[in-house]
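Chain letters run A, B, ... following the sequence lines, proteins first and then strands; every chain starts at 1. All heavy atoms count here, side chains included; hydrogens, waters and symmetry mates do not.
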Amino acid sequence: MERMDDLRNALLEFLIRSPFRDTEEKESMVKHMLQVYSKSDNDSGFKKTFLLKIIQNDLLSSHSISISDHHLKIFDYLEELFLRDAVPVPATISAAYCAVAVECTIKYLHLNLPHNLLYLRAVKRIWRLRISHMREGSLLFSEELERWRSDLETSLLDSKVRERLASTDTRGNAIMKLRAFFNQASTVFGCPFAPLTAIENEAQGNEGGHTEHTDNTQRNEEGVENIGDCISGELQEDNEKTFLSWSTDINDDEVDQVEKDQVKDEAGRVRTSRFHLASPNKKKHSPLKIYRPVAIAKRRTTKRWSRLEEETLKNGVETFGRGKWKVILNAHKDIFGERTEDDLKDKWRSMILYGCK
DNA sequence: ATAGGGGTACGA
DNA sequence: TCGTACCCCTAT
């Protein structure tokens, strides 16, 4: 059994360190792993470590990793696990979450684009849709988070605030807060995996300069995904008005619209916008959902139909009519006992079939 | 809620 | 192994 655990850990370690095409692919790996392990649901310490390792590996394996929404998602999973287990929670979790959320947003400011839709969308996506809907008593909530939220909201209207935000090293801060969180987390619930010593040392050797100071060129090249989707251009002075008018009431449809309008079709014409309905709400199923085998495991012990039951069923059909299974069942609960409407239906089917009615 | 197709577990 | 009882799914 112990050897199985070792094998499992080794496989996961391998998986965590494997290169992924994009964050989407990685995200789906995380989701699948959580689903697989939700079958052994008692092992939530293992799941937490797994999630931590994912972020940790991102930070250590590459000097220019992009802190992204994917990492926020991992925090959501972690929170769910902590809440469910009612175990001691590392206090640094909310600070780390805040710093990551800030970096996920501010990184788009460094693009210095004229119509910085990516920044607008990040504010909307992360701060309006995700954070402002945070439940009461969320482990990820903090006063600091709230302060950032209002700062970022005002930044949409005020270029001075944007400049100030852009000049802070949110990335370095995020990495620092994550480190603090890891350190505390490992003392809180240990670490079933073998430590990533080799990589850790390597990263620490190169730490200076990379985490402290990140210039905008590096961000532009490596810090932000989907850069190809951005419209390149220089920051213009008269952008303020446009920016302001968008930001007063951004909704995704409008933002999408602006982007669509900028896309041209094969013929080179600007694609006309079509009326469209909102897509139906996709129900989100958490991969952490508790696995409940009871519902599917139970099967009643087979009981042969007695002569009396068959007679009662036959009379029931005669008096109430074929198909009134519920009525027939309720009328003779004493005789049918554990049987269900479905059983009556099936029994009648077989009685007809084998001609013993 | 029911009909009916189809699959499978149980027990003799 | 086979017949029966039970289960599950989908359309109505």
Side chain Ser142(A), main chain Leu145(A), donor-acceptor under 3.5 Å: yes

Range on DNA chain B touched by chain A - first to last nucleotide, heavy-atom distance under 4.0 Å: dT2(B) to dC10(B)

Sugar-phosphate, base or nothing in reach of Arg349(A), heavy atoms under 4.0 Å: base

Check: Lys326(A)/Asn330(A) side-chain N/O donor and acceptor closer than 3.5 Å: no

Distance, rounded to the nearest Å, where Lys347(A) contributes NZ and dA5(C) contributes P: 4 Å

Check ion pair Asp343(A)-Arg300(A) (N to O, under 4.0 angstrom): yes

Any residue of residues 319-328 of chain A with a heavy atom less than 4.0 Å from an atom of DNA chain B: Arg322(A), Gly323(A), Trp325(A), Lys326(A)

Over-ring placement of Arg339(A) relative to Trp305(A), 6.0 Å and 45° cut-offs: yes

Touch class at under 4.0 angstrom, heavy-atom based, for Lys345(A) against every strand present: base

Residue-phosphate contact under 4.0 Å: Arg339(A) side-chain N/O, dA5(C) OP1/OP2: no

Asp343(A) CG to dA5(C) C1', straight-line distance once rounded to whole Å: 7 Å

Arg125(A) backbone acceptor or donor facing Arg130(A) side chain under 3.5 Å: no

Parallel, tilted or perpendicular, as decided by the 30° and 60° cut-offs, for the rings of Tyr97(A) and Phe75(A): perpendicular

